[in-house]
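Note: hydrogens, waters and symmetry copies are ignored here, and every other heavy atom, side chains too, is used. Here is the naming used below: chain letters follow the sequence lines, and residue numbers restart at 1 for every chain. Since this is a predicted model, take the numbers as computed values, not measurements.
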Amino acid sequence: MTTTPVGVAPAPDTVDPAGPDAALIRDMVRIRCVEEELCDRYRDDQEMRTPTHFSIGQEATAVGVCAATGPDDLVFTGHRSHAPYLAKGGDLRAMVAELYGREAGCARGRGGSIHLIDRAAGFAGSAAILGEMIPVGVGAGWSAALRGRSSVALTFFGDGATEEGVFHESINFAQVHRVPVVFVCENNLYSISSPLRQRQPAGSTITDRVAAYGLWARSVDGNDVYAVRAAARAAVARCREGAGPAFLELHTYRWREHVGPGWDHDHGYRAKEEIDDWIARCPIRRATDAIRDAEPRVDDWVRQWEQRYREEARAAVRFARAAAWPSVANLLDGAYETVGR
Amino acid sequence: MTTTPVGVAPAPDTVDPAGPDAALIRDMVRIRCVEEELCDRYRDDQEMRTPTHFSIGQEATAVGVCAATGPDDLVFTGHRSHAPYLAKGGDLRAMVAELYGREAGCARGRGGSIHLIDRAAGFAGSAAILGEMIPVGVGAGWSAALRGRSSVALTFFGDGATEEGVFHESINFAQVHRVPVVFVCENNLYSISSPLRQRQPAGSTITDRVAAYGLWARSVDGNDVYAVRAAARAAVARCREGAGPAFLELHTYRWREHVGPGWDHDHGYRAKEEIDDWIARCPIRRATDAIRDAEPRVDDWVRQWEQRYREEARAAVRFARAAAWPSVANLLDGAYETVGR
Amino acid sequence: MRELTYWQAISEATMQCMADDPSVLVLGEGVDDHKGTFGTTKAAYERYGAARVVDVPNSENACAGIAIGAAANGLRPLVVHTRADFMFLALDVMVNLAAKWRYMYGDQGGVPVVTRGVVGRGWGQGATHSQSPHATFAHYAGLYVATPASPADAKGLLVTALRGDTPVVLIENRNLYPLTGPVPEEPEPVPFGVGRIARAGDDVTVVAASLMVHEAERAAEQLAARGISVEVVDVRSIRPLDERIICESVARTGRLVVADTSWARYGLAAEVAAVVAENVPETLRAPVRRVALPDSPAPVSWPLEEAFHPGADAVVEACLALVGDDRGSLPRLSSVAAEFHGPY
Amino acid sequence: MRELTYWQAISEATMQCMADDPSVLVLGEGVDDHKGTFGTTKAAYERYGAARVVDVPNSENACAGIAIGAAANGLRPLVVHTRADFMFLALDVMVNLAAKWRYMYGDQGGVPVVTRGVVGRGWGQGATHSQSPHATFAHYAGLYVATPASPADAKGLLVTALRGDTPVVLIENRNLYPLTGPVPEEPEPVPFGVGRIARAGDDVTVVAASLMVHEAERAAEQLAARGISVEVVDVRSIRPLDERIICESVARTGRLVVADTSWARYGLAAEVAAVVAENVPETLRAPVRRVALPDSPAPVSWPLEEAFHPGADAVVEACLALVGDDRGSLPRLSSVAAEFHGPY
Ligand SMILES: Cc1ncc(C[n+]2csc(CCOP(=O)(O)OP(=O)(O)O)c2C)c(N)n1
Ligand SMILES: Cc1ncc(C[n+]2csc(CCOP(=O)(O)OP(=O)(O)O)c2C)c(N)n1
Ligand SMILES: [Mg+2]
Ligand SMILES: [Mg+2]
């Protein structure tokens with residue numbers, strides 16, 4: 001069973017009865033269920049041999065932003081790729097098969113967790129070298145504009161990636177050429193185990209530094225999915241109007257370790273209290289709380305969604321494990337274009 | 001005859017009778033005379049086989065900044081290197097011999113115009129890949145701080161170099177680690193023939209973008225040598241106090257073509273009127289005008305200096321042309337350290 | 001066939017490809033200025049303007065990434081560097097992203113970015129403005145890398161690049177720009193991976209790329225006068241590399257000199273020697289010789305620079321050594337590039 | 001001699017050099033965290049703290065330049081990359097500035113920056129986290145580049161690097177980290193440019209670097225059982241490269257296999273073959289074989305990855321082909337790195 005995330009135009013029969021606000025909760029629940037299932041399998045089975053960066057706790061950024069996009073808009077990301085991939089409507093089974101290294105994977109098992117792609121859904125690629133997809137997003141948006149299309153490119157990256165020079169080069173270029181690109185910074189306060197304060201100057205923010213190029217730049221509570229969606233809508237709308245690029249700094253927090261499925265409060269770089277504090281600000285819980293008065297049935301829905309998506313995740317895992325491995329005979333496929341393919 | 005620029009502690013007997021303000025004029029006149037002589041020889045003789053970027057019209061930046069430095073402070077630059085080299089007290093004959101490719105050159109003829117160095121004078125090196133010396137300046141300043149020295153590093157670069165990502169990476173690092181480094185941006189409005197507005201967004205300035213990192217950053221009339229010196233003194237003083245890095249944007253203008261000795265108003269990228277406008281704002285003339293009331297003899301001094309330094313430049317050229325070429329037998333010298341040298 | 005200079009051939013290929021395919025656009029620092037990248041982008045700018053011939057900020061890394069993004073979304077960017085040395089700043093995205101894109105996303109399409117880098121040998125350009133980084137790019141699977149020596153190949157390889165779906169690096173030597181040669185009027189593609197016998201001969205094979213093809217030809221001429229017959233193989237592209245043409249020639253001559261514009265170690269000269277050692281070592285009648293840069297950075301000073309860049313003389317010497325002759329009374333040759341005059 | 005793991009040897013060299021020389025400092029992303037660069041910087045951080053073991057922003061280019069500036073002004077920075085692939089972002093300053101500094105400023109001093117890059121082969125690290133860029137750095141004159149295979153060399157080469165005045169690139173394979181071997185207690189330097197006979201033999205020479213030395217040794221063991229005597233040469237440093245040890249060995253065995261962790265073209269495998277073709281081609285009794293990566297980016301999927309990275313089996317096959325034997329009934333070997341377990 002496939003659920004259509006709000007990011008893509010849903011076919012009428014798959015729309016939940018819940019309305020657009022609840023749909024955001026639904027999409028976050030789905031991503032949470034999928035990632036938790038993957039965490040467990042990753043840890044226990046040792047079958048997914050690919051470094052994996054989970055977004056558990058950060059779901060509102062991907063869901064809120066992608067909800068503001070249309071089917072022709074393109075999303076690029078860094079290594080923390082699953083949530084934006086799913087939020088943009090990327091095929092779940094192809095993603096899980098990719099993590100399991102199968103030929104049915106979205107990158108035919110060649111790319112792994114860090115190289116997801118689903119062109120049909122507008123998820124245009126993720127890459128693991130910090131900052132690389134930032135200029136790529138600019139180029140994709142620029143291309144759309146040069147070819148007279150109204151589509152917008154969005155590129156996700158972390159607070160750590162903003163330390164790469166290419167981030168600034170990209171912001172500068174986008175502003176000079178008024179490129180329809182939305183820069184989406186998921187500021188989760190850490191780069192692996194380095195806290196932000198050890199890497200960037202106190203007293204100014206990433207948003208400040210981007211605003212200094214004249215960009216429309218907003219600093220948003222990244223665990224408030226409605227605020228994220230509102231800001232992203234404004235950003236995308238500006239781009240579509242030809243008003244130039246936009247920047248969003250979304251403040252959020254990663255619950256699990258940087259890479260891999262574990263908890264890491266005993267690693268010494270952040271306190272259990274800090275993690276618990278952010279868990280208390282769970283984006284799903286907050287979104288649910290926010291609409292409960294208007295939609296008293298939301299807790300039931302969440303329970304139903306949890307069941308549905310846990311099962312969907314397990315089914316995807318079953319699919320992936322049963323799927324065929326790539327053939328070693330095809331090892332070189334795609335290294336170069338094949339004439340006449 | 002050697003003249004000691006104000007950047008280095010002058011030996012008593014070489015001090016001109018003119019006082020510190022006039023000394024700045026003297027140093028600018030000296031650089032102007034040297035560069036004009038070199039331009040003529042470069043064009044006519046075809047003997048200096050090295051791409052050469054003249055600072056004619058921009059002398060106030062180098063002279064004003066270096067006047068704020070002490071002998072232990074280190075200056076690095078990009079390709080437009082002659083003026084800071086001379087202002088910091090670099091040996092003139094060694095510089096000219098370098099342009100002539102002679103063994104007596106400051107880099108033994110290996111480096112050319114773009115790779116000047118005079119370690120004794122604190123001119124710590126110039127390099128031609130845009131932006132490269134920006135982090136190097138940070139590293140040098142950081143080293144001084146880590147080793148408990150009070151010396152400051154200064155790194156010169158153009159407006160065009162601020163588009164390189166490494167500029168931002170360097171600013172960020174310097175601010176986080178409170179490095180005693182002064183970033184000196186000579187904004188002459190062009191990168192070769194690309195105007196600033198084609199490369200950087202309108203509506204914000206380089207200073208704005210640096211200030212967004214929390215740096216002490218000042219935008220200064222770069223053709224006003226006294227203003228430059230005052231700002232540089234403040235910047236250096238902050239660094240010496242351990243208050244962290246500083247940034248100066250010095251607005252100035254290059255009179256000649258980007259590389260080479262010619263005029264270029266017929267190249268189509270800038271108007272003769274614009275050039276003439278800036279020539280009217282000649283930093284030497286402005287400095288002279290500024291102190292004439294207090295020092296009515298200044299015009300006489302300038303005339304004497306012009307004579308003296310033209311002769312000094314010609315003597316340096318004679319020295320260089322008479323100097324020995326490097327021996328081809330030593331072609332590999334310095335590619336690697338030589339044990340026991 | 002009518003003759004064009006090397007730079008005119010590049011300009012013509014660019015113009016014709018832009019006319020044929022509206023998705024081609026040119027990006028580079030100063031591509032729009034009066035010099036127009038030594039003439040190669042001038043006509044395109046005059047014809048297509050700033051919308052398709054785009055002056056970019058001094059941001060080599062981002063611009064390469066932007067070109068990749070544009071290529072992933074329907075355009076065919078031609079990125080131009082006035083010095084190939086600047087490409088190091090873009091190496092990450094070129095090698096870690098463009099080269100791997102098609103493969104690591106499961107063969108669903110490539111990013112056809114074409115990058116031209118001009119090598120600025122000579123006239124005191126020095127250590128950081130004279131390098132020819134072709135081997136560096138060609139070490140990594142996923143790119144095509146070509147080093148056109150003739151005006152016809154400069155045109156034909158660029159045409160192939162701008163029509164293909166693989167990222168391509170073209171390394172052009174600035175000293176080739178004024179050379180003339182016959183060039184087809186039509187945009188006829190020259191395939192990657194197919195070398196060319198620039199001159200036939202029997203006694204020694206000189207495998208060369210780019211500028212060194214011309215030095216080798218001049219060396220061959222001089223040696224012919226002495227009764228030594230030299231075959232010059234122009235590899236044209238270094239990835240893919242035409243192993244067959246190299247091995248067939250060496251199998252016939254039994255002697256190999258490799259002449260390159262970069263350093264010997266881990267360079268083209270190493271690779272060509274390895275191809276022979278792998279395939280036809282038994283045909284070698286003498287040790288392989290590499291004519292390449294001495295192991296130092298490029299110096300500026302004139303006499304050092306002259307000694308640093310190998311030319312026809314170095315090829316002559318290597319060939320003579322292989323046939324067991326000695327230099328004797330051959331007149332010294334100046335370099336192909338000796339005509340260049342300053343000011344820079 | 002007491003035994004250490006490879007990572008312990010690196011850690012010990014770092015600690016001893018920091019103790020001996022207060023100008024040594026360590027820079028890198030996360031060098032101060034609980035993992036401490038796979039253990040190699042942990043003890044140094046615990047002992048010397050944040051003043052000398054410095055976590056840096058994700059700014060590879062600037063940090064390399066900062067290290068150069070620090071080196072030009074009296075310090076000896078040791079820069080650490082948890083993946084060698086990230087070094088491409090710093091390639092410009094490393095090749096265009098550090099490598100050329102001493103030369104282009106007229107031999108008045110160098111910039112002794114030491115850079116360690118860890119190669120992350122295996123466990124699905126994929127196309128951009130598995131590369132071994134040693135040949136890329138070694139192509140450019142001015143750097144030393146070493147690829148230690150044993151714990152003793154990991155220590156000794158790092159000690160030499162931190163005492164010398166030349167910028168050095170050390171490429172370490174992550175899969176070597178758990179391997180143990182005898183390591184001198186004292187910080188005894190191992191010189192650059194001196195190879196090592198890792199195992200003596202008569203029939204085939206296998207020249208290898210880094211992890212492939214171990215694969216070659218295991219291959220040699222298996223072949224010994226079959227009566228084929230393999231000599232394994234560990235080059236240790238690839239610039240300078242010990243040409244003599246290579247040529248002497250090949251002159252004796254007449255057969256050469258080169259085994260590398262990177263691609264064949266323009267890589268170490270090419271260079272070693274070229275050295276032999278240049279110096280002792282007449283001693284070759286069979287064509288040279290290169291055991292290197294197939295010409296694609298690294299795949300993630302397990303079976304593809306297993307097929308992608310050559311191991312002892314590939315060395316065995318190459319050797320057998322050279323002695324004219326066929327594989328027959330030899331059992332397949334798993335890779336040295338097979339013991340690594342996730343989660344990553
Ligand atoms: C160029 C480069 N440098 C370093 C790394 C190693 N690395 C992988 S993820 C990561 C942390 C990035 O932090 P951030 O951008 O904030 O993203 P987050 O993981 O927090 O989502 C680092 C340093 C890399 N992949 N690429
Ligand atoms: C990385 C790099 N890209 C491009 C160049 C070519 N280049 C040399 S000088 C220059 C202009 C730089 O402009 P700016 O920094 O403003 O200095 P100015 O020449 O105006 O003093 C350019 C683009 C270079 N040397 N290095
Ligand atoms: Mg983060
Ligand atoms: Mg400028």
Contacting moiety of [X], where chain C heavy atoms sit under 4.5 Å:
X        : result
A/Phe76  : side chain
A/Ile171 : neither
A/Ile134 : neither
A/Ser126 : backbone

So how far is it from [X] [atom1] to [Y] [atom2], rounded to the nearest 0.5 Å?
X        : Y        : atom1 : atom2 : value
C/Asn73  : A/Arg149 : CG    : CZ    : 8.0 Å
A/Arg147 : C/Leu75  : CZ    : CG    : 5.5 Å
A/Asp333 : C/Asp107 : CG    : CG    : 6.0 Å
C/Arg102 : A/Thr338 : CZ    : OG1   : 7.0 Å
A/Trp142 : C/Ile66  : CH2   : CD1   : 7.0 Å

Between A/His115 and C/Tyr105, does a side-chain contact (heavy atoms from CB on, under 4.5 Å) hold up when you go through it step by step? CA-CA 6 Å; A/His115 296 115; C/Tyr105 296 121; 3.8 Å; yes
Proximity breakdown for C/Arg76 and chain A, heavy-atom pairs closer than 4.5 Å: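 Neither part; nothing is under 4.5 Å.
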Considering only heavy atoms, which portion of C/Leu25 lies under 4.5 Å from any heavy atom of chain A: side chain, backbone, both, or neither?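 The side chain, not the backbone.
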Options A/Arg110, A/Glu169, A/Glu98, A/Glu103, ranked by heavy-atom pairs under 4.5 Å with chain C, top entry: A/Glu169
Name the member of A/Ala335, A/Gly111, A/Gly131 that forms the most heavy-atom pairs with chain C at distances under 4.5 Å.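 Top option by heavy-atom pairs under 4.5 Å: A/Ala335.
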Any side-chain to backbone donor/acceptor pair from C/Gln108 onto A/Cys106? Under 3.5 Å, distance only.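 Here the side-chain-to-backbone pair exists.
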Using only atom types and a distance under 3.5 Å, with no angle test, would you say the side chain of A/Tyr336 pairs donor to acceptor with the backbone of C/Gly142?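 Yes, because the side chain of A/Tyr336 sits within donor-acceptor range (under 3.5 Å) of the backbone of C/Gly142.
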Heavy-atom count check: over 12 atoms from other residues, nucleotides or ligands less than 6.0 Å from A/Arg93 CZ? no
CZ (A/Arg240) with more than 12 external heavy atoms under 6.0 Å: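 Result for CZ/A/Arg240: enclosed.
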Interface check, chain A: of C/Val111, C/Asp165, C/Ile68, C/Val56, most non-hydrogen pairs under 4.5 Å belong to C/Asp165
So, do A/Met133 and C/Leu97 sit near enough that their side-chain heavy atoms are less than 4.5 Å apart? yes
Does a side-chain heavy-atom distance below 4.5 Å link C/Val54 with A/His177?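 Of all side-chain heavy-atom pairs linking A/His177 with C/Val54, at least one is under 4.5 Å.
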